[in-house]
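Scope of the values below: all heavy atoms of this structure, side chains included, with no hydrogens, waters or symmetry mates.
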Amino acid sequence: QVQLVESGGGLVQTGGSLRLSCAASGTIFSINTMGWYRLTPGNQRALVATIQNTGFTNYADSVKGRFTISADNAKNTVYLQMNSLKPGDTAVYYCRLDQEGGNYWGQGTQVTVSS
């Protein structure tokens with residue numbers, strides 16, 4: 001069992017910033033990738049940003065230059081710094097952890113950007 005506890009969501013105005021955190025606990029062997037996803041209008045989780053254990057990062061085109069993903073390996077925690085937020089970023093954001101033998105999702109944290 002792996003538990004992912006997310007925090008940092010909230011309501012901000014257009015152009016504002018938020019920093020999401022996701023702390024993993026439980027039966028963690030070796031994390032391959034952690035990342036952030038958000039729901040699409042079709043209720044599919046779409047990639048926002050991921051970070052591999054090598055430090056390699058990947059971003060959705062829509063957030064490049066605005067969002068930054070980082071990780072604290074000692075704390076098994078991943079962060080998403082979101083700057084220059086716009087209403088289109090409004091969504092439930094989910095933390096994801098991929099390790100050998102299992103993939104896990106957080107409960108989601110709401111991000112709302114007001115116009």
Side-chain angles (χ1 to χ4, degrees):
Q1 288 278 1
V2 173
Q3 295 80 43
L4 302 175
V5 179
E6 300 155 325
S7 62
L11 172 65
V12 297
Q13 294 181 333
T14 297
S17 298
L18 286 173
R19 185 174 185 245
L20 306 183
S21 299
C22 174
S25 62
T27 307
I28 301 172
F29 299 101
S30 181
I31 299 173
N32 293 324
T33 306
M34 294 188 73
W36 293 94
Y37 296 73
R38 63 191 182 188
L39 290 179
T40 68
N43 292 324
Q44 300 294 315
R45 289 183 173 101
L47 182 147
V48 177
T50 61
I51 183 167
Q52 298 179 5
N53 56 10
T54 60
F56 179 81
T57 57
N58 186 39
Y59 296 92
D61 288 342
S62 60
V63 307
K64 287 181 179 178
R66 300 188 298 120
F67 292 8
T68 302
I69 189 169
S70 61
D72 184 336
N73 293 329
K75 297 180 179 179
N76 291 325
T77 300
V78 65
Y79 306 93
L80 185 68
Q81 179 66 47
M82 304 184 294
N83 298 325
S84 301
L85 285 162
K86 51 189 179 182
D89 297 318
T90 295
V92 177
Y93 285 71
Y94 295 89
C95 179
R96 178 181 170 93
L97 181 153
D98 296 332
Q99 68 174 355
E100 186 172 350
N103 305 323
Y104 303 89
W105 293 98
Q107 80 286 353
T109 184
Q110 178 69 48
V111 171
T112 302
V113 185
S114 63
S115 59

Item to check | Remaining members of the apolar cluster that contains Tyr79, side-chain heavy atoms under 4.5 Å | outcome: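 Besides Tyr79, the cluster holds no residue at all.
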Can you see which heavy atom on [X] is nearest to which on [Y], and at what distance?
X: Val111; Y: Gly9; value: CG2-CA, 4.3 Å
X: Ala46; Y: Thr40; value: CB-CG2, 3.3 Å
X: Pro87; Y: Thr14; value: CD-OG1, 3.4 Å

Item to check | Those residues that, when tested against Arg45, pass salt bridge (charged side-chain N to carboxylate O under 4.0 Å, His left out) (two or more places apart) | outcome: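 None.
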Interatomic spacing from [atom1] in [X] to [atom2] in [Y] - rounded to 0.5 Å:
X: Leu85; Y: Leu18; atom1: CG; atom2: CG; answer: 5.5 Å
X: Leu4; Y: Gln107; atom1: CG; atom2: CD; answer: 8.0 Å
X: Leu80; Y: Cys22; atom1: CG; atom2: SG; answer: 10.5 Å

In chain order, what residues pass the side-chain hydrogen bond (donor to acceptor under 3.5 Å, both in side chains) check against [X], with sequence neighbours excluded?
X: Gln52; value: none
X: Ser17; value: Asn83
X: Ser25; value: none

Answer yes or no: is there a donor N or O on one side and an acceptor on the other, between the side chain of [X] and the main chain of [Y], under 3.5 Å?
X: Glu100; Y: Phe29; value: no
X: Thr112; Y: Thr90; value: no
X: Thr50; Y: Met34; value: no
X: Gln99; Y: Thr27; value: yes

Are [X] and [Y] connected, step by step, through hydrophobic side chains (Ile, Leu, Val, Met, Phe, Trp, Tyr) whose heavy atoms are closer than 4.5 Å?
X: Leu20; Y: Val92; answer: no
X: Tyr94; Y: Val63; answer: no
X: Trp105; Y: Leu39; answer: yes

Item to check | Heavy-atom side-chain proximity of Thr109 to Ser7 below 4.5 angstrom | outcome: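 In short, these two side chains do not touch, never coming nearer than 4.5 Å.
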Item to check | Pairs satisfying side chain to side chain donor-acceptor pair (under 3.5 Å), at least one member in residues 28-38, at least two apart | outcome: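 Every side chain to side chain donor-acceptor pair (under 3.5 Å) pair that includes a residue of residues 28-38, provided the two are not neighbours, is Arg38-Ser62, Arg38-Asp89, Arg38-Tyr93.
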Next on the checklist: Using the rule side-chain contact (heavy atoms from CB on, under 4.5 Å), only one of Thr68, Asn58, Ile69 pairs with Ile51; which is it?
Outcome noted: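 Only one of Thr68, Asn58, Ile69 forms a side-chain contact (heavy atoms from CB on, under 4.5 Å) with Ile51, namely Ile69.
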